[in-house]
Peer 1: 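First the structure, which I've put down as structure tokens, then a few questions once you've had a look.
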Amino acid sequence: MNSGYTKAVLALGSNLGERNDTLSEAVADLVDPPEVRLLAVSPVVQTKAVGGPPNQPDFLNMVITVETSLAPHELLDHCQAVENKHHRVREVRWGPRTLDVDIITYGDVRSDDPTLTLPHPRAAVRAFVLYPWSLIEPAATLDGERISALAARADDFGDLAPFDGFGDFDGVPTAGAVEER
């Protein structure tokens, strides 16, 4: 890594609208300023919603690693600006959303700040974060434990599925998807 830059892990999710397109555009938006440089992008996985109101559409989730010269709260502000650009609405906690961007880790920073807790307080129990992250950083650890082992123990691990590119609008199959008859 270059001097003045800190490595950060960001988790992205979407369960409303053109989910896959939103994730792709959000990655480009996140690394658009020169203060944020893309290191790696995970494959996309599809998952059931964890928490929040029942009967939500499935999420598409992915993880990216970046290096940034932004301070942690500046990075948070940038992530929230990207969410807002993609019409993120915060009406219901863990409710459906066009885009969610969470800072999972920021270097070795540990913070109990209620605005930005680092590492992310629920990351260690969320396979939809841990599994994609493990695909781009197999040796990564969180709180001293390998993320692949944490992912395998997470309650939502069994709900993960590779995303095949179909069903990219609110979790409903769209053009090109094969219908069962």
Side-chain angles (χ1 to χ4, degrees), residues 1-2 4-47 49-50 58-88 94 97-111 116-143 145-148 150-151 154 156-157 159-165 168:
M1 246 182 290
N2 297 326
Y5 280 78
T6 301
K7 182 178 173 187
V9 176
L10 307 178
L12 291 76
S14 174
N15 75 336
L16 292 178
E18 299 287 344
R19 304 169 302 160
N20 198 38
D21 290 345
T22 298
L23 292 178
S24 296
E25 292 168 12
V27 170
D29 292 337
L30 286 164
V31 300
D32 183 47
E35 297 84 8
V36 183
R37 300 175 182 163
L38 185 64
L39 297 175
V41 179
S42 79
V44 175
V45 295
Q46 185 160 303
T47 64
V50 174
D58 287 352
F59 270 87
L60 293 185
N61 290 283
M62 66 185 304
V63 170
I64 66 172
T65 55
V66 299
E67 61 180 8
T68 183
S69 61
L70 297 174
H73 279 89
E74 291 173 325
L75 181 59
L76 176 64
D77 290 343
H78 175 57
C79 291
Q80 290 176 341
V82 170
E83 288 177 337
N84 292 338
K85 179 179 178 180
H86 291 276
H87 312 290
R88 166 73 188 264
W94 298 329
R97 47 207 175 268
T98 54
L99 181 64
D100 184 36
V101 180
D102 288 331
I103 302 172
I104 304 304
T105 63
Y106 181 94
D108 294 327
V109 172
R110 297 190 87 63
S111 168
L116 180 58
T117 304
L118 293 169
H120 189 286
R122 290 171 299 284
V125 296
R126 291 182 167 171
F128 66 83
V129 170
L130 298 162
Y131 178 71
W133 181 12
S134 74
L135 296 175
I136 56 175
E137 291 193 325
T141 60
L142 187 60
D143 295 329
E145 197 164 349
R146 200 172 284 254
I147 58 173
S148 56
L150 291 169
D156 63 322
F157 185 73
D159 291 330
L160 294 178
F163 179 62
D164 62 9
D168 66 347

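Because only heavy atoms are used, hydrogens play no part in the values below, and waters and symmetry mates are left out as well, while side chains stay in.
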Peer 1: Once you round to the nearest 0.5 Å, how far does OG of S14 lie from CG of D58?
Peer 2: 11.5 Å

Peer 1: Looking at residues at least two apart in the chain, or sitting in another chain, which of them share a side-chain hydrogen bond (donor to acceptor under 3.5 Å, both in side chains) with T47?
Peer 2: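 In terms of side-chain hydrogen bond (donor to acceptor under 3.5 Å, both in side chains), with neighbours along the sequence ignored, T47 is linked to N61.
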
Peer 1: Give, for atom CG of L23 and atom CD of E18, the distance between the pair rounded to the nearest 0.5 Å.
Peer 2: 11.5 Å

Peer 1: Looking at every non-hydrogen atom in both residues, tell me the closest pair between Y5 and P34 and how far apart they are.
Peer 2: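 It is OH-O, 3.3 Å.
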
Peer 1: Under the rule for salt bridge (charged side-chain N to carboxylate O under 4.0 Å, His left out), what residues qualify as partners of D156, not counting sequence neighbours?
Peer 2: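 Testing D156 for salt bridge (charged side-chain N to carboxylate O under 4.0 Å, His left out), a comparison that skips the adjacent residues, returns none.
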
Peer 1: Output yes when a side-chain donor or acceptor of T98 lies under 3.5 Å from a complementary backbone atom of G17, and no otherwise.
Peer 2: no

Peer 1: Looking at CG of L142 and OG1 of T105, how far apart are the two atoms once the value is rounded to the nearest 0.5 Å?
Peer 2: 7.5 Å

Peer 1: What's the spacing between T68 OG1 and L38 CG if we round to 0.5 Å?
Peer 2: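 It is 12.0 Å, given to the nearest 0.5 Å.
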
Peer 1: Can you give me the closest heavy-atom contact between T141 and W133, atom names plus distance?
Peer 2: O-CH2, 4.3 Å

Peer 1: So among L39, T65, I64, V129, which one has a side chain to side chain contact (heavy atoms under 4.5 Å, CB included) with V9?
Peer 2: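 Testing V9 for a side chain to side chain contact (heavy atoms under 4.5 Å, CB included) against L39, T65, I64, V129 leaves exactly one candidate, T65.
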
Peer 1: Can you tell me how far OG of S24 sits from CG of D29, rounded to the nearest 0.5 angstrom?
Peer 2: 11.0 Å

Peer 1: Within the distance-only criterion (no hydrogens, no angle test), does the side chain of D32 pair as donor or acceptor with the backbone N or O of A28 below 3.5 angstrom?
Peer 2: no

Peer 1: Determine whether E25 and K85 satisfy the following criterion, side chain to side chain contact (heavy atoms under 4.5 Å, CB included), listing intermediate values before the conclusion.
Peer 2: CA-CA 10 Å; E25 292 168 12; K85 179 179 178 180; over 6 Å; no

Peer 1: Run the salt bridge (charged side-chain N to carboxylate O under 4.0 Å, His left out) test against D108 and tell me which residues pass, sequence neighbours left out.
Peer 2: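 For D108, no residue satisfies salt bridge (charged side-chain N to carboxylate O under 4.0 Å, His left out) once neighbours in sequence are set aside.
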
Peer 1: Report the distance from atom OG of S134 to atom CZ of R146, rounding to the nearest 0.5 Å.
Peer 2: 10.0 Å

Peer 1: Assess the residue pair R126 and H120 against the criterion (side chain to side chain contact (heavy atoms under 4.5 Å, CB included)); give the C-alpha distance rounded to whole Å, side-chain angles, the decisive distance to 0.1 Å, and a yes or no.
Peer 2: CA-CA 10 Å; R126 291 182 167 171; H120 189 286; 3.7 Å; yes

Peer 1: Where is the tightest heavy-atom contact between L130 and V125, given as atom of each residue plus distance?
Peer 2: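 Looking at all heavy atoms of both residues, the shortest contact is CD1-N, 4.2 Å.
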
Peer 1: Which atom names give the shortest non-hydrogen contact between H86 and L99, and what distance separates them?
Peer 2: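 For H86 and L99, the tightest heavy-atom pair comes out as CD2-CD2, 3.8 Å.
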
Peer 1: Does any part of the side chain of R97, heavy atoms only, come nearer than 4.5 Å to the side chain of F59, both counted from C-beta?
Peer 2: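 Yes, their side chains come closer than 4.5 Å.
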
Peer 1: Got more than 12 heavy atoms from elsewhere within 6.0 Å of OH, Y131?
Peer 2: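 No, OH of Y131 has 12 or fewer neighbouring heavy atoms, counting only those of other groups under 6.0 Å.
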
Peer 1: Restricting to non-hydrogen atoms, name the atom on Q46 and the atom on F163 that form the minimum distance, rounded to 0.1 Å.
Peer 2: OE1-CD1, 3.4 Å

Peer 1: Is there a side chain to side chain contact (heavy atoms under 4.5 Å, CB included) between R110 and D143 once you walk through the steps?
Peer 2: CA-CA 10 Å; R110 297 190 87 63; D143 295 329; 2.9 Å; yes

Peer 1: Taking it one step at a time, do I104 and L10 satisfy side chain to side chain contact (heavy atoms under 4.5 Å, CB included)?
Peer 2: CA-CA 6 Å; I104 304 304; L10 307 178; over 6 Å; no

Peer 1: Nearest heavy-atom pair of A26 and L12: which atoms, and what distance?
Peer 2: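 Here A26 and L12 meet closest at CB-CD2, 3.9 Å.
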
